[in-house]
Asker: 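I have a structure I would like to understand better, so I am pasting it below and will then ask my questions one at a time.
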Amino acid sequence: MHIPPFAMERWQSTYEHQVSYNLAESGVHQLTVEELLELPGDGTPLMGEDLLQIGLGYAQGNGAAELREFISAIYPSSSIDNVLVTHGGAEANFLSTWQLLETGDEAIVMLPNYMQTNGLVEGWGATVKPWMLHEENGWQPDSAELEEAVTGKTKLIIITNPNNPTGLTFGASLLESVVAAAERVGAWILADEIYRGAEVDGPETPSFWGRYDRLLVTSGLSKAYGLPGLRIGWVVCPSTEKIEELWSYHDYSSIGSSTLTEALAIHALEPSRRQNILERTKSILRTNLPMLKEWVDRQEGTFQYVEPQAGAIMWVRYNLDVNSSDLAERVRVKEDTLIQPGDHFGFDHYLRLGYGPEHDYLIEGLARVKRVLENY
Ligand SMILES: Cc1ncc(COP(=O)(O)O)c(C=O)c1O
């Protein structure tokens, strides 16, 4: 197996803990354990002292029943047997593509996109067929192009909704056209919905859940919940047999989650506390997005963007004569600040700016980026 480098993740994992200002992150700023414990919710809350009593043995491999109960409550008519708890959304995507794809298969992948699944498809010996988002169309894809791309060899169609890096969402009619294309050839759909619930305004992004049977929805606590350090993700699938199969792959990849973080995840996903966490996320987005827009607009025509709808990310095109990786490297070295170059998504002359940090941190991070921009 040859797996291509995952440039975006390499950049972040190498530098995110070294820089003073990290604007490369796509989620809202993290909660501390104390803040999470103090968030109001129903039922018996987890207390600090309870954490001290948690046994550090192996957790239930497919996820604690109570955790799967709370996850299945997000997906109407599902039960705990439709859920597999994974080590972050990353493992959920890893297991799904690993289980579904074989050498010679084709997978249709939206581009630009979080590049994990592109790399994995290649790694499993399958072929990536890109389905492009069109900037001139507000970064929406064209369903006629999907119809053309789907063939008898199409095993899987991968959609990230809300999308990373554009921060845009796809509506129900687009989802229905993806289902129609998949149904025509019996393909599976992998819907990465990890930013769902992190909408700036308006209703929750429509889910693929309930629209199709050959469906894997992946998600987790890292983005909309501000809890990436818990490393809790999940796959939900209408087929309990498929969940069993994925679990047997999970036996090879990570066995199970951690009892400690599962307890915190159960606390976080208690339905009323979950709503409070999502409200916190939206309020960060609603405060910070106008600030970022104002900053971008002040850069005198340097940037163009389509206003993001979800996730703490803005995808901007810049009109400076410098490669995006070179620009991001300069920002890192000169200003001790991390931004995400468009190159990592296969799009030079674009940047992804994270606007999830705390107010003053974001202001200072942007001031540092500006100092570098002024040199061009
Ligand atoms: C679309 C998407 N899916 C999955 C992940 C990975 O999530 P996790 O940190 O839960 O593994 C990310 C992280 O940036 C992402 O953007």
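As the structure is a prediction and not an experimental result, all values here were calculated from the model. When a ligand or atom number is given, it counts from 1 through the structure's own listing order.
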Asker: Going by atom types only, do Glu135 and Tyr350 share a side-chain donor-acceptor pair under 3.5 Å?
Answerer: yes
Asker: Write out each pair where an N or O from ligand 1 and one from the protein are under 3.5 Å apart, with the distance.
Answerer:
residue  : atom   : partner : partner atom : Å
ligand 1 : 3 (N)  : Asp192  : OD2          : 2.6
ligand 1 : 9 (O)  : Ser222  : OG           : 3.1
ligand 1 : 9 (O)  : Arg231  : NH1          : 3.0
ligand 1 : 10 (O) : Gly89   : N            : 2.7
ligand 1 : 10 (O) : Ser222  : OG           : 2.6
ligand 1 : 11 (O) : Gly89   : N            : 3.2
ligand 1 : 11 (O) : Ala90   : N            : 2.8
ligand 1 : 11 (O) : Arg231  : NH2          : 2.8
ligand 1 : 14 (O) : Lys223  : NZ           : 3.0
ligand 1 : 16 (O) : Asn164  : ND2          : 2.8
ligand 1 : 16 (O) : Tyr195  : OH           : 2.7

Asker: Describe, in one word, how the ring planes of Phe94 and Trp124 are oriented to each other, choosing from parallel (under 30°), tilted (30 to 60°) and perpendicular (over 60°).
Answerer: perpendicular
Asker: Compute the centroid of each ring, for Phe6 and then for Tyr114, and state whether the two points are separated by less than 6.0 Å.
Answerer: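 Yes; Tyr114 has its ring centre under 6.0 Å from that of Phe6.
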Asker: Consider only side-chain heavy atoms of I, L, V, M, F, W and Y, link residues closer than 4.5 Å, and tell whether Leu101 and Ile159 are in one cluster.
Answerer: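 No, Leu101 and Ile159 fall in different hydrophobic clusters.
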Asker: Considering the options Gln340, His344, Glu25, which one meets the side chain to side chain contact (heavy atoms under 4.5 Å, CB included) requirement together with Arg352?
Answerer: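 Exactly one pass, corresponding to Gln340.
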Asker: Using the benzene-type ring in the case of Trp, are the ring centres of Phe345 and Trp315 under 6.0 Å apart?
Answerer: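 Here the rings of Trp315 and Phe345 have centres that are less than 6.0 Å from each other.
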